[in-house]
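To start, the structure under review is shown below, and the notes come after it.
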Number of protein chains: 2
Amino acid sequence: MSENVSPEQTQSQGPIQDLDHQILTTPLLSTRNRSANSTSQVAIVGVNLCPIESLDYEIAENDFFKQDWRTRGRIQIFQYIFMKWLLCFLIGSLVSLVGFCNNLAVENIAGVKFVITSNMMLSGRYETAFLVFFLSNLGLTLFAAIITAFIAPAAAGSGIPEVKAYLNGVDAPGIISLRTCIVKIMGSISAVSSSLLVGKAGPMVHTGSCIASLLGQGGSRRYGLTWKWLRFFKNDRDRRDLVTCGSAAGIAAAFRAPVGGVLFALEEMASWWTSGLLWRAFFTTAVVAIILRALIDVCLSGKCGLFGKGGLIMFDVYSANISYHIVDVPPVLLVGIVGGILGSLYNFLLDKVLRVYAIINVKSITYRIFIACAISIFTSCLLFGLPWLASCQPCPLDTAEACPTIGRSGNYKKFQCPPGHYNDLASLIFNTNDDAIRNLFSRNTDSEFQHSTMLIFFVTCFFLSIVSSGVVAPAGFFVPVIVTGASYGRFVGMLLGSHTNLNHGFYAVLGAASFLGGSMRMTVSLCVIILELTNNLLLLPMIMMVLLVSKTVADTFNGNIYDLIMKAKGFPYLEAHAEPYMRQLTVADVVSGPLQLCHGIEKVGNIVHILKTTSHHGFPVIDEPPHSESPVLYGLILRAHLITLLKKRDFLHTPVRIGAEAFKHFLADEFAKKGLGNVDRIEDINLTDEEMEMFLDLHPFTNASPYTVVETMSLAKASTLFREMGLRHLLIVPNTSNRTPVVGILTRHDFMAEHVLGLHPLLVNSKWKRVRFHFPHFLKIF
Amino acid sequence: MSENVSPEQTQSQGPIQDLDHQILTTPLLSTRNRSANSTSQVAIVGVNLCPIESLDYEIAENDFFKQDWRTRGRIQIFQYIFMKWLLCFLIGSLVSLVGFCNNLAVENIAGVKFVITSNMMLSGRYETAFLVFFLSNLGLTLFAAIITAFIAPAAAGSGIPEVKAYLNGVDAPGIISLRTCIVKIMGSISAVSSSLLVGKAGPMVHTGSCIASLLGQGGSRRYGLTWKWLRFFKNDRDRRDLVTCGSAAGIAAAFRAPVGGVLFALEEMASWWTSGLLWRAFFTTAVVAIILRALIDVCLSGKCGLFGKGGLIMFDVYSANISYHIVDVPPVLLVGIVGGILGSLYNFLLDKVLRVYAIINVKSITYRIFIACAISIFTSCLLFGLPWLASCQPCPLDTAEACPTIGRSGNYKKFQCPPGHYNDLASLIFNTNDDAIRNLFSRNTDSEFQHSTMLIFFVTCFFLSIVSSGVVAPAGFFVPVIVTGASYGRFVGMLLGSHTNLNHGFYAVLGAASFLGGSMRMTVSLCVIILELTNNLLLLPMIMMVLLVSKTVADTFNGNIYDLIMKAKGFPYLEAHAEPYMRQLTVADVVSGPLQLCHGIEKVGNIVHILKTTSHHGFPVIDEPPHSESPVLYGLILRAHLITLLKKRDFLHTPVRIGAEAFKHFLADEFAKKGLGNVDRIEDINLTDEEMEMFLDLHPFTNASPYTVVETMSLAKASTLFREMGLRHLLIVPNTSNRTPVVGILTRHDFMAEHVLGLHPLLVNSKWKRVRFHFPHFLKIF
């Protein structure tokens, strides 16, 4: 029973600790029923100002649930299945619409901005152009920062770590709400339009997850019909499945990569997965793909302003005659190795920078907005200032595109150059990120860029994206990583020059792959996403090789970017694999604190006392003589259900079992998972002294099939069980016959490294830890 | 304790039952220790002549294992990790080589055959041509049938169902052995070359799995070094992971679809999956892709005979200007719906035909070979005879290819036609399957085929592939399904004529997708495989739609093709989801028979008695007074470990605990999973009367962390636990305090529908069953 860690124990752990420190504390779990004195601990990256809840992915098989399930006729089962698919269809439709509008808005806002400033520069009004550029960027950033900071702080950042934690069973507050959703959409559009080096894929994933969860909650209690059909979705399990589909739809909409979206959700996001869910996620992204395809069809006729030139494939680099041979393998391997090192360095720096921002962010909202403005100003100056360093290039004669491009975005930016010349750095940096990637990926442009340009662009992107990630606005990592990686890859291609057969555009693709592999550490999903982004199937063996090499290299240094952020935010994430030291312990070794039990027929006063004095979310129920011959473990009852029973005040005067009769007084909905902010608290229930002396028959409401382990079970195996089954509570039963039928209870917290190693400090040695190289000490100054 | 079902109980169940019968019996599980009287029951599709074993994917955490693990230094851990990756690399290399040789051999053997017969026909010698065609086909089929029937009967058929069952924990005998592997490779080459309508993808998956497992077993005990480094792989878990990688490599090599291979293994084959395994499977298929790419590079220079014209993409239909609009959606939906119906009909007929063949096959080997020859003769006659029905077409004037193609395989076969004309049916039917698919998929050939030709070809393929599937030779389903689906799709495209914008080649791709979806029922993996086969990324939304529609339609009728075959073969496959009726039962309801226990310190005679009188593979170990204060559940010991202990004859004279000292006498290898045919039997151990009175301390060899459930746990949840954790035994503990600490044991068999519904026949009603439409009764004549 370790949910109630004493305040002293928690206070002794500092809020933010160095990554190289042996164990990072997660003070969040133990702050459930204390808030005033621990908010500063919680808000590590400025988001989690409320306590974190665990989610319950186990099916609670109490008699009431079974009764409800038995009364489901064919109609209800049909309703459930129909709603499942309808919800997926709605998620797909809404997410694709949001993704499309997002693209449309960004391309038009940023496009108009660049067209206006370019036109001003064309007529020599450089100061006005800078002012317009500077002010529009600042305004857009300010808008994004203000709505994020004041309306929905949870919408800041990528959102992928939060959704990943949610799918693991960690419910960070405010992550999935209508408010967050709207702010995320608006904030993402304005942040990306304001030329900050931030991505839109992460925010799209978060938006997709929010939309999915909100659709599952439906019209709340206001509309009778909606509520009735949605009642089967009022539990953590079905909602989790919807959120998984939503996150797949997010990537599908952001990159127009439907299969990549499914695989991303499968490989990176989801902790639990079934074949049925795979099918529904596939359906959802198919809907996204079909609707996006139809909308693009509409836009091709030119009705969407500056948007609409691209087809379904965002960065098409198809080439019918790609030829590469064995001699091309060594340079490609080099790209992978260096990309892996750079990717892990990127993760390392990003983690440090986010922690520094977090310290500043907790001070006040003003600070956060101030930082956002500072980053915007810095970015504007860089984007406008750096191209002056590049020398003007004469336009190539045989290009298909107009050079210099005037009045629209394109490959050859004129910037300050004389007619017939273009500024190659401006083509990359004074442009939207999507256009920059397109320029970098484009074939037959090997002579377009200078070495110095590419180096400046790479360094700028690398550091600017790290600095921008901490801005208090929706900010993804995918696009910054792709643009940084592409510039790095193209630079390598340029350095190799004539020593390689592949053109520089393909090196840019490989560079992007290596950088993605080095920082995101996915394999299949990244491979498919890159394939769907670039349409270069013939290059697939090369891309697979690069991804493998960069992931392998980067994994020797640190973890993937989302895991690092989750750790920094203190989410109690359950890893799929037990740590090696857990094999040295039994479950009995980590149980602490006294065990709180309920009896099958319990006095109301006792229940109130237990609920008021502890913060546990589940209690074992045992039957003792005279109600049974000997003590019997009956099951597990949830705190929420006890509170529902107390609220109903349907108490018994004598301690007798009432059985199935109890169901008549309740609707299934009363035991359903409550929506956000609707959770009842024991403090709100006032009972008379007379009521306190009455009884409740808990049997019908007790989950009679709780998962149990024998006390001698190794912690590693119990951990696997807990994680694989998606449990919230795991009961420990004795291995001998003459003791109480339950001797302890395990929760998520009991499997966390800091708890286990706190109880058994001797295990803190490197032998049982994952072997990793560490960056040299001088990097610790961050 | 239901492993030892009485012979009477089993005998009462017939060997083969109709699919529409409520429950299909799987008599295999209960035939472990009886062989003579039940072989005829087992050999449903003529393969399983030995009893089926369960595999153990749980980590047995006994003291010995822990001791072994503790003594592993950094070197051993490095060895283990290095070997893991090295094995994946070797699997990838070998499978790609085998796949390449397979392609090379088939293209050359079949190609030469067609070139010779075509040349003979060119000079008017039609009878000789037929004779050569007929005899070469018969010879090749005979060779394949003879080596399969006499050397390795387990190599017959696709192999995918067997590997899928293996990955679920069912070890069908002979499935994974060197002999099967070699016969599968040779047989597949000659069967495919002999113009039988059978595929090579299924056999490649089986071959890949065999190679993986054999590599994991390594050089057996002969080479000291190999053995030492491989000792960590001598368990079911690591071998399962290798086999998964092998099956991924199989698809990757067969279709040159590396990502599709990983996803196929993930979606269809594997029952358990971790992120680490995903990564290794990806690595394996990347190796396959890179090596295949290099080999194709070598062949492009013309050194590989008739092979080598194709690039990395087998059926490239890339088109830069695919345009489709909303109006194209209804016909594509139609393709999906009809494809789904046809696919489920295909599965239905295939299942019936395989059952009919099985009845014939069990009679004798001569029958089997006779059937194979009959099918070959029938096929030869059809392939040579049908083109005479088609009228000759004048050659198009604007074709890039030579027309008619003479002296090589190509789009326009001359067959019996006069000069300047071609026979369109011969172009499809008198050709290798790969070339037929290429012709069907090809763009800008809308006027090449006549309606009647396409209809004849579709009907021929549909029925011929069903008939051919039962041949006693390696025979996959992928290619027949693709060719049938492509002809069906192209026929729909031709019927639509000018009502659609898409060209017929794309309809063929969509038809293939719909037929694959309708019979294989995969989503993501088929989508990626089709993408990698055809390189038409722009068509992706259409393909996703078709796959979803056809799978949905087909699922209302029956299960996927591999599940049907697994059912027919009687594999006790554990589904990922518990059946609804299981929620109505507790684990105590399905336990039958007396429980066999061991004591922590047990008399040798008792152990021998238990082993001889039962066929269980695991026994609970309890400590009783005087060795403990009260009866204590200590753990679970495996039959194999008991036999190892008995063989060692290191017995104690007095009943005392010896603890860690016991390990000195054993090497870890002695407790490792034995290779094929090396399993020790209790009958082979002869002990003296004196030894029988001595004792053994079982504690160090007992798995002290067995998974347990309380007896009131619902069967559904126990089933989920059993499946998710990959267990072989699950102990049942009491919920009260005054009974023995273990009251039962569950094995795979206890979760099978026929066992559960046999004990509780009242549950056999449709409410708890999956709702499915059934084919009309007149189809039951099959």
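Throughout, a chain's letter reflects where its sequence line sits, starting with A, and its residues are numbered from 1.
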Indicate yes or no for a side-chain donor-acceptor contact from [X] to the backbone of [Y] under 3.5 Å, with no hydrogens or angles considered.
X: R293(B); Y: L538(A); result: no
X: S714(A); Y: S705(B); result: no
X: Y707(B); Y: A718(A); result: no

Please report the interatomic distance [atom1]([X]) to [atom2]([Y]), rounded to the nearest 0.5 Å.
X: L537(B); Y: L537(A); atom1: CG; atom2: CG; value: 8.5 Å
X: T712(B); Y: Y634(A); atom1: OG1; atom2: OH; value: 8.5 Å
X: H325(A); Y: D297(B); atom1: NE2; atom2: CG; value: 5.0 Å

* Identify the two heavy atoms, one from K717(A) and one from N703(B), that lie closest to each other, and give their separation to 0.1 Å. =>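 For K717(A) versus N703(B), the nearest heavy atoms are NZ-ND2, 3.6 Å.
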Which atoms of [X] are under 4.5 Å from chain A, going by heavy atoms: the side chain, the backbone, both sets, or neither?
X: P734(B); answer: neither
X: I543(B); answer: neither
X: L266(B); answer: side chain
X: V528(B); answer: side chain

[X] versus [Y]: any side-chain heavy-atom pair under 4.5 Å?
X: E724(B); Y: T720(A); answer: no
X: V524(A); Y: L263(B); answer: yes
X: L540(B); Y: E532(A); answer: yes
X: L531(A); Y: L531(B); answer: yes
X: T285(B); Y: M544(A); answer: yes
X: W279(A); Y: D555(B); answer: yes
X: S275(A); Y: E267(B); answer: no

Against chain A, work out which of [options] has the most heavy-atom pairs shorter than 4.5 Å and name it.
options: M542(B), M522(B), K551(B); result: K551(B)
options: T740(B), V733(B), I622(B), N535(B); result: N535(B)
options: L548(B), L633(B), I290(B), L292(B); result: L548(B)

* Asked: More than 12 heavy atoms of other residues, nucleotides or ligands under 6.0 Å from OH of Y324(A): is that the case?
  ->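 Counting neighbours around OH of Y324(A), more than 12 heavy atoms of other residues, nucleotides or ligands fall under 6.0 Å, so yes.
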* So what's closer than 4.5 Å to chain B heavy atoms on V262(A): side chain, backbone, both or neither? ->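 When you check distances to chain B, only side chain atoms of V262(A) fall under 4.5 Å.
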